[in-house]
Visitor: 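The structure under discussion is supplied below as structure tokens; questions concerning it will follow.
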There are 2 protein chains.
Amino acid sequence: MAASREDIVAVAIQHLNHAPNASMAEIAQAAGVSRATLHRHFSTRAELQYELASRAMDAWAKTHTAVGLDEALSADLDAAGIKRVLDELLTVTLEHSDEHGFALTDHTTHGQPDLVRHANELEEKEIALFAAAQRAGVLRADLPPRWVSNLVYGLLVAVRESMRQGDVARRDLPRIFLDTFYRGTT
Amino acid sequence: MAASREDIVAVAIQHLNHAPNASMAEIAQAAGVSRATLHRHFSTRAELQYELASRAMDAWAKTHTAVGLDEALSADLDAAGIKRVLDELLTVTLEHSDEHGFALTDHTTHGQPDLVRHANELEEKEIALFAAAQRAGVLRADLPPRWVSNLVYGLLVAVRESMRQGDVARRDLPRIFLDTFYRGTT
DNA sequence: ACTATTTGAGACATTAATGTCGCAAACAAG
DNA sequence: CTTGTTTGCGACATTAATGTCTCAAATAGT
């Protein structure tokens, strides 16, 4: 057995992040299986995309668990504690941006109510963290927390572009990503 | 005559920025003409997309002309002069992001050598400005200028997301965009 | 009112992608 | 070596989008 369902999923996520409109034939080729085999695992393209979006959502939820986001939101953390959780969230999010950062765009959750709801829940938690960071003085208070959430997404897009074009050394990206988020360009 | 070629182009740019995979039928409907009329103006979908990308490129070049980018790169401007050109460039780019900011993605220039070349030329000029700003002390010098270029793109993505979701008041966006670019979130 | 031009509607052909299926080949297990 | 399972291949049907075409209707100009 050359490729398991898990192998196929992993390759499909990577490939669709790079080429969102790739055909089933192209995805199968990238995964090293035939189109028939891909169809044996996923009856339709919509089923495959749903699976990928679900997994991306789960991975995003795991990111939140890994950094202890729920606990941080419940506890009365001081500024240093919030800063640490925020740093960890940003770092882990960057590390996993290939797996789930871009799969969670509109065209993958497209109209699936449970996926949209789950994504919204996860985003609201991050926004709550940004708001708490603002109250604690970790982040400036004059930017809407929802803007900060979109900013993180925009920075991930900038990271992806930089990696695609080889504009920045990969090992420098975490420092540059965090530094730009906090300090901007001046 | 309900719609001219110019009207169709303007609507098509807006619509495709919002839904890049929209069919010719959908674009025609958005433009208020029939699919047959759209095909009378543009023989193929590829021809339409080429036209839109060309116009986006021209609009981008006009942005550079409007802020006097070429002159600024030739002259020995002081820090205040560079700052002014940079501010203008960012402001005008934001204003026109609907017309050309997102049309200039890979899937529109897709493999057209002249469009790719033109886009690269324009981007190189912006990168030269960022580098000059770093030498002049207007921007911090420890970020690769190509990262700054991708950062601007990422910020425009954040702006688009914020507008789409109504996360930020439209009239606040220029200030937030510039402020986040320069100062980050702290 | 008449003429010329443009457009919308829809039919039809083509293309591309998807979905389904059967069967030989390859692989795995005993 | 045999049996069972899985896969690749390619044919075929279906679907969706595109491209082309004709003609009646609408619009514009005189």
Side-chain angles (χ1 to χ4, degrees), chain A residues 1-56 102-115, chain B residues 1-56 102-115:
Chain A
M1 180 175 295
S4 70
R5 196 169 196 269
E6 293 305 305
D7 296 326
I8 292 172
V9 160
V11 171
I13 285 187
Q14 297 281 354
H15 193 79
L16 283 169
N17 275 341
H18 172 261
N21 295 321
S23 64
M24 291 293 272
E26 286 162 340
I27 296 168
Q29 185 173 35
V33 298
S34 73
R35 195 164 66 81
T37 296
L38 180 59
H39 274 286
R40 285 190 186 99
H41 288 287
F42 304 96
S43 300
T44 65
R45 182 189 180 97
E47 186 186 320
L48 172 63
Q49 286 184 308
Y50 183 88
E51 176 80 15
L52 300 185
S54 277
R55 289 183 181 236
F102 304 104
L104 297 175
T105 54
D106 277 5
H107 75 274
T108 54
T109 62
H110 43 57
Q112 297 282 2
D114 57 329
L115 295 181
Chain B
M1 180 176 295
S4 69
R5 197 169 197 268
E6 292 304 306
D7 296 326
I8 292 173
V9 160
V11 170
I13 285 187
Q14 297 281 355
H15 194 79
L16 283 169
N17 276 341
H18 173 261
N21 294 323
S23 63
M24 293 291 272
E26 286 164 340
I27 295 169
Q29 185 172 38
V33 298
S34 74
R35 196 165 67 80
T37 297
L38 180 58
H39 273 287
R40 284 191 185 101
H41 288 288
F42 303 97
S43 301
T44 65
R45 184 190 179 95
E47 185 185 321
L48 171 63
Q49 285 185 307
Y50 183 87
E51 176 80 14
L52 299 186
S54 277
R55 293 196 183 217
F102 304 105
L104 298 175
T105 54
D106 276 4
H107 75 273
T108 53
T109 62
H110 45 55
Q112 298 281 5
D114 58 329
L115 295 180

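Side chains are part of it too, since the values below use all heavy atoms of this structure and drop only hydrogens, waters and symmetry mates.
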Visitor: Begin from the C-alpha positions of A/Q14 and A/H18 and carry the test side-chain contact (heavy atoms from CB on, under 4.5 Å) through to its verdict.
Guide: CA-CA 6 Å; A/Q14 297 281 354; A/H18 172 261; over 6 Å; no
Visitor: Can you tell me how far the CZ atom of B/R35 sits from the CZ atom of B/R40, to the nearest 0.5 Å?
Guide: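 Reported to 0.5 Å precision, the distance equals 11.5 Å.
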Visitor: Return yes when atom CD of B/E51 has more than 12 non-hydrogen atoms of other residues, nucleotides or ligands closer than 6.0 Å, and no otherwise.
Guide: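 Enclosed: over 12 neighbouring heavy atoms sit under 6.0 Å from CD of B/E51.
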Visitor: Quickly work out the B/I8 CD1 to C/dT6 C1' distance and round it to whole Å.
Guide: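 These atoms are roughly 12 Å apart.
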Visitor: Using atom names, set out every protein N or O paired with an N or O of nucleotides 14-18 of chain C below 3.5 Å, distance rounded to 0.1 Å.
Guide:
unit_1 : atom_1 : unit_2 : atom_2 : d
C/dT18 : OP1    : A/M24  : N      : 3.4
C/dT18 : OP1    : A/R45  : NH1    : 2.6
C/dT18 : OP2    : A/M24  : N      : 2.7

Visitor: Whole angstroms only, please: what is the CD-C1' distance between B/Q29 and C/dT7?
Guide: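 Between C1' of C/dT7 and CD of B/Q29: 16 Å.
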Visitor: What is the minimum heavy-atom distance between B/L52 and B/A12, and which atoms define it?
Guide: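 Looking at all heavy atoms of both residues, the shortest contact is CD1-CB, 4.0 Å.
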Visitor: Could you state the interatomic distance from CD (B/E6) to NE2 (B/H41), rounded to the nearest 0.5 Å?
Guide: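 Here the rounded value is 10.0 Å.
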Visitor: Just how large is the angle between the end axes of the helix from C/dA1-D/dT30 to C/dG30-D/dC1, five pairs per end, to 10 degrees?
Guide: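 Here the helix ends are tilted 40° relative to one another.
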Visitor: I need the A/T37 OG1 to A/R5 CZ distance, nearest 0.5 Å.
Guide: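 Nearest 0.5 Å value for the OG1-CZ distance: 13.5 Å.
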Visitor: Quickly work out the B/H41 NE2 to C/dT5 C1' distance and round it to whole Å.
Guide: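 In whole Å, C/dT5 C1' lies 13 Å from B/H41 NE2.
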Visitor: Let me confirm one number: the CD1-CG distance from B/I27 to B/L16, rounded to the nearest 0.5 Å.
Guide: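 Going from CD1 on B/I27 over to CG on B/L16, the span is 4.0 Å.
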Visitor: Does OP1 or OP2 of C/dG8 have a side-chain N or O of B/S34 closer than 4.0 Å?
Guide: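 True: B/S34 side-chain N/O within range (under 4.0 Å) of C/dG8 OP1/OP2.
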Visitor: Would you mind telling me which residue lines up with the more 5' stretch of DNA chain D, B/F42 or A/R40, judged by nearest nucleotide?
Guide: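 That would be A/R40.
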Visitor: To the nearest 0.5 Å, how far apart are OG1 in A/T44 and CE in A/M24?
Guide: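 Rounded to the nearest 0.5 Å, the OG1-CE separation comes out at 7.0 Å.
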